[in-house]
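Below, each value reflects all heavy atoms present in this structure, side chains not excepted, and no hydrogens, waters or symmetry copies. Just so it is clear, the model here is predicted, and its values are computed rather than measured.
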Amino acid sequence: MTSDVDGHPLDGGIAQLQAAYRDGLDPVAVVDEVLARIDRTGDPAIWIDVEPASALRAAAKALAGVPMDGRPLWGVPFGVKDNIDVADRVTTAGLPGAARTADTSATVVQRLIAAGGIYVGKTNLDQVATGLVGTRSPYGTPRNPIDPERIPGGSSSGSAVAVALGHVTFALGTDTAGSGRVPAALCGIVGVKGAPGTRPLDGVVPASPSIDCVSTFARTVADGLLVESVMAASTWPVGAGPFTVGVAAGAEPAGTVLEAAGDTPVDVDLRPFHEAGDLLYGGPWLADRTAALIATLDALPEGLVDVVHTVVAGGSDYRGTEVFAAQRRLRELQAELEPWWDRTDVLVVPTGPWLPTVAEVLDDPIGANARLGRHTTFANLLGLAAVAVPVADVPGGVTVLGPVGHSAAVAAVAASLAGEALAPGALAGGDRVHLAVVGAHLRGQPLNHQLVDNGAELVATTRTSCRYRLYRLEGGPPLRPALERVEGCGKAIEVEVWAISPEGLGRVTAAVAPPLGIGSVELDDGRWVKGFICETHGLADATDITAHGSWRTYLRSR
């Protein structure tokens, strides 16, 4: 999707905009262009509030004394969905009768501004973030920038349209049931959200508080991941393939692209995913939204949309026993899917099963909305990160999903589908350490939780150089292998490389039992990373299993 003024540095993404700044572009000229684009579009339903020209120019001028180094969003204009607080600005959540002025900015907004971003204004949304359609706002329905007959998607409608039109380089949304992915699909851009709980939620008007996520709209995967990294105050790592990819029906063209890139597409049964999704707004999880919003809506504030009140009030029909039964069933579905995730790096699904027109949604507002969320509602309940990207021959594109620990694979696969070349490692800098694991810390093994619990993300499955031997140590449980570096008669041993913070690595190291410890391991591409090594005396009674080439192969042989 391109803006009405192609060729301006605003249209090249964050890296190109900042390169233009280094070449002398004035941030004041950029915010002037932003205001001009908003004015030319002539759609008052995109923005609920835009900063005055004087305030934007003052913010741009203030950057003159701020160095770019260490500020990855220096001079980058962005919008904020109007259910997220910005200090001294009104938050409406699309409900004017419940509007209030925020005392402080949400943490995610504070971090974006501290990183040099220029706040432009508040974008429109389906009221109190209830809807995937973009038609449930007293502030109007933003025009879809691709086809004005179609809906823009919701609930983050204004944010998606503003990015697609080039008003801003990125914008914040929220995503509980698909509100960040569906509008991205309908507007032809990228929508990114981390797994629930990985980004702060303070200053966000709750929709379903147990699973809400702040999300990002951008025009490239790289930009979306960079913004998400700033909000999370930690890098989003990018993995190195090849990957095993579950490809759902309707997303086959994406599977063809990935297979050509060396990945392995496999079929997937979406039944357990869809059953989890059915627990959300078609089941007892609706009570979470009702508890958060019903007191406000029952006061019948000015501008209340009838269908929003009807949907939210529906959660009152569920009994506590049904809620607890749903929680139990969700845990069962999560357990059922664990072995599948051990074998599969990411899931790829069509983001939306259809792209409805405004007329179709107005004809059947609740049914159309439910159909739109078929492939999105399960993500947060199952704790998945997601990146929605346009893909040729898939109307609305696809979404790449994975649980905590698979985010690096999600990033790499999404970038591959978008035709972007992202180098494996930590995007946008940061201080994450790469750690090679060979045994009990591998995915699906008994100590892997020590990595996941400390925020580690899988970057790659690869091999060591050919200078290693692999042993099985005595004792257990758990059974543990050990690597020994040798000068001759060695072999390349399969390892997983995880990205982890120094603090997390310290906690993992403290839990390592002798004779193992953390040292350095050489990979087959010549890089050295941190890894598990063994004291020499620990190998005295160990069994040499080098011929198997990997711990998993050895375990299968038993």
Side-chain angles (χ1 to χ4, degrees), residues 198 234-235 237 239-240 338 341-342 403-409 425-426 430-486 490-524 527-546 548-556 558:
T198 59
S234 66
T235 54
E338 280 181 5
W341 285 117
D342 287 339
V404 171
H406 293 226
S407 294
D431 58 355
R432 287 206 155 195
V433 178
H434 282 183
L435 174 68
V437 301
V438 71
H441 286 82
L442 295 167
R443 282 186 301 165
Q445 296 302 306
L447 299 183
N448 180 253
H449 69 90
Q450 292 181 357
L451 298 178
V452 174
D453 291 349
N454 283 289
E457 300 278 359
L458 180 64
V459 171
T461 299
T462 183
R463 293 184 177 276
T464 67
S465 72
C466 61
R467 295 186 175 89
Y468 288 90
R469 300 196 70 77
L470 183 66
Y471 297 85
R472 189 203 74 193
L473 298 176
E474 291 299 311
L479 291 176
R480 297 186 299 164
L483 280 176
E484 179 191 27
R485 183 174 173 82
V486 295
K491 186 179 177 74
I493 305 297
E494 185 178 85
V495 294
E496 290 179 352
V497 179
W498 291 69
I500 188 169
S501 69
E503 297 79 12
L505 178 60
R507 289 188 289 269
V508 170
T509 302
V512 176
L516 296 180
I518 302 294
S520 296
V521 172
E522 184 184 21
L523 302 181
D524 62 355
R527 287 185 299 136
W528 286 84
V529 297
K530 295 299 181 185
F532 286 81
I533 60 172
C534 186
E535 298 176 17
T536 304
H537 73 85
L539 299 175
D541 298 318
T543 302
D544 191 327
I545 58 172
T546 305
H548 293 280
S550 79
W551 182 241
R552 286 198 176 97
T553 302
Y554 167 71
L555 292 178
R556 286 195 293 269
R558 299 177 72 244

Looking only at non-hydrogen atoms, find the nearest pair between [X] and [Y] and report the distance.
X    : Y    : value
A542 : G538 : CB-O, 4.2 Å
H537 : P515 : CE1-CB, 4.1 Å
L435 : F532 : CD2-CE1, 4.2 Å
Y468 : S520 : OH-O, 4.2 Å
S550 : E494 : CB-CB, 3.6 Å
Q445 : A440 : CB-O, 3.3 Å

Could you tell me if the side chain of [Y] sits less than 4.5 Å from the side chain of [X], heavy atoms only?
X    : Y    : answer
R469 : K491 : no
V438 : L470 : yes
L442 : R552 : yes
V521 : K530 : no
W498 : V433 : no
L473 : C534 : yes
R485 : S465 : yes
L523 : V495 : yes

Of all residues at least two apart in sequence or in a different chain, which pass the side-chain hydrogen bond (donor to acceptor under 3.5 Å, both in side chains) check with T509? none
For Y471, side-chain hydrogen bond (donor to acceptor under 3.5 Å, both in side chains) partners two or more places apart: E484
Can you tell me how far apart [atom1] ([X]) and [atom2] ([Y]) are? Round to the nearest 0.5 Å.
X    : Y    : atom1 : atom2 : result
W551 : L483 : CH2   : CG    : 11.0 Å
L539 : R472 : CG    : CZ    : 13.0 Å
I533 : L516 : CD1   : CG    : 9.0 Å
R467 : D524 : CZ    : CG    : 11.5 Å

With no hydrogens and no angle check, do the side chains of R507 and N454 hold a donor and an acceptor under 3.5 Å apart? yes
Keeping the roles fixed (side chain from T464, backbone from E522), state whether a donor-acceptor pair exists under 3.5 Å. no
Would you call R480 and E474 a salt bridge, taking side-chain N to carboxylate O under 4.0 Å as the test? no
